[in-house]
Amino acid sequence: MKIHENQNNSYRSKSTCGYCRTEGHNQYQCPHVKGDWENFLSKLEIPKDEDGNPIKRGYNYATWHTGSFDPLTHNLANNALASWFNSCRKAYIEQKKRGFKLNSHKRSASSAPKKCGFCGGKDHTRRNCTKMEQFLKDCYKANENWRQAAYKDLVLDGGLSVGACVKVEYDSGSWQNRERYVGTGIITKINWDTINVFSGMNKCSNDAHSPIEVCVLVNGETRRIDNLHVKFNTVGENGKITSFWSGTPACTLVSVITDSPAPLPPEWITSYKESFDTLVKKRTYDQLQNGMKSDWRSPNLVAHIDAWK
């Protein structure tokens, strides 16, 4: 499940100070603000370093100019300097209200009533939300039911397992001279550990994307089968590998020539519960139903769980 597999692979940049643009604090705890502001008021000039060069505070640095600095006139004449001056003034005023307690990062206790981040109810949190607890139970049961059905569909009836011999079609060659080939290959990998009930959805989900990856060694090259959602009833659009640039070339499954049954351990049916735990910690019940605001045509994850539980 995408939201679970990628939880430790954040692409967000680290938070930085809105004033000096360094990490580890925010602008209302920035140690440079007080000195810079006092420098503005006493000298009316741009702060300089030991070598006499203007100090750059991230994106809001001032360009050097001749003459003395007058905030009233240079606010209009020098946009960079005005930006720096105004951001310094804003941060200084707030720091002064806080008594310049720059090392105090602890939030004061909130007097607002508790509100659950999952269901939105009052007087409780996710930790003791009965709605979230029940939904997780439904997820576990739905996943067990789907995995049992998928094992029968893919392995027992379909013959897919590591070691099975299959007939595939694939394209090869340059863009101008691509040709279609038919070959015989051996299945080398199936990601049984991560596929789950959401692999069977008929619409793709940004959060619960759970592609089934079946790799085949054909003519000395590893390829992945890209038409499983067409061949098998328990695999939906959300079970496809959607990225064209996945790093592994694709092929189309034509048929299974000889199977190689490989029974999965009994605990496979009930495993991977932690992915659903991650899902409910990071999304609200409403978001599971309607998706995020940035999503387009997001599937209803709750309805899918209800259909399989």
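Values in this document were obtained by computation on a predicted structure and should not be read as measured data. Numbering of residues begins at 1 and proceeds along the displayed sequence.
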Contacts of D295 that satisfy salt bridge (Lys or Arg N to Asp or Glu O under 4.0 Å) - sequence neighbours left out: none
Ring-face cation of K131 near Y285 (centre distance under 6.0 Å, axis angle within 45°): yes
Shortest non-hydrogen separation from Q95 to C30 and the atoms involved: NE2-O, 3.0 Å
Set of salt bridge (Lys or Arg N to Asp or Glu O under 4.0 Å) partners for D286, sequence neighbours left out: none
Contact list for residues 252-265, test salt bridge (charged side-chain N to carboxylate O under 4.0 Å, His left out), sequence neighbours left out: none
Between Y170 and N219: side-chain donor-acceptor atoms closer than 3.5 Å: yes
Gap separating the NZ atom of K273 from the SG atom of C139, nearest 0.5 angstrom: 11.5 Å
Any residue meeting side-chain hydrogen bond (donor to acceptor under 3.5 Å, both in side chains) with T22, in chain and number order, not counting sequence neighbours: none
Under 3.5 Å: donor-acceptor pair, side chain of N238, backbone of F198: yes
Between side-chain atoms of residues 296-309 and protein atoms elsewhere (two or more places apart, or another chain), which donor-acceptor pairs fall under 3.5 Å?
unit_1 : atom_1 : unit_2 : atom_2 : d
N300   : OD1    : V302   : N      : 3.1
N300   : OD1    : A303   : N      : 2.9
H304   : NE2    : V197   : O      : 2.7
D306   : OD1    : K309   : NZ     : 3.4

Qualifying salt bridge (charged side-chain N to carboxylate O under 4.0 Å, His left out) pairs with a residue from residues 207-222, counting only residues at least two apart or across chains: K189-E213, D207-R283, E221-R223
Closest non-hydrogen atom pair, V162 against T188: CG1-O, 3.9 Å
Residues H4 and T278: side-chain donor-acceptor under 3.5 angstrom: yes
Side chains of Y92 and D36, donor plus acceptor under 3.5 Å: no
Sequence-distant partners of Y272, side-chain hydrogen bond (donor to acceptor under 3.5 Å, both in side chains), two or more places apart: E5
E267: partners by side-chain hydrogen bond (donor to acceptor under 3.5 Å, both in side chains), with sequence neighbours left out: none
Residues in salt bridge (Lys or Arg N to Asp or Glu O under 4.0 Å) contact with R98, at least two apart in sequence or another chain: E94
Spacing of H32 atom NE2 and Y19 atom OH [to the nearest 0.5 Å]: 8.5 Å
Whether N26 side chain and Y28 backbone form a donor-acceptor pair below 3.5 Å: yes
N196 and S210 side chains, donor-acceptor separation under 3.5 Å: yes
Qualifying side chain to side chain donor-acceptor pair (under 3.5 Å) pairs, either residue in residues 142-164, two or more places apart: R147-S271, K152-D157, D153-T234
R178: partners by salt bridge (Lys or Arg N to Asp or Glu O under 4.0 Å), with sequence neighbours left out: none
Which residues share a side-chain hydrogen bond (donor to acceptor under 3.5 Å, both in side chains) with N233, sequence neighbours left out: none
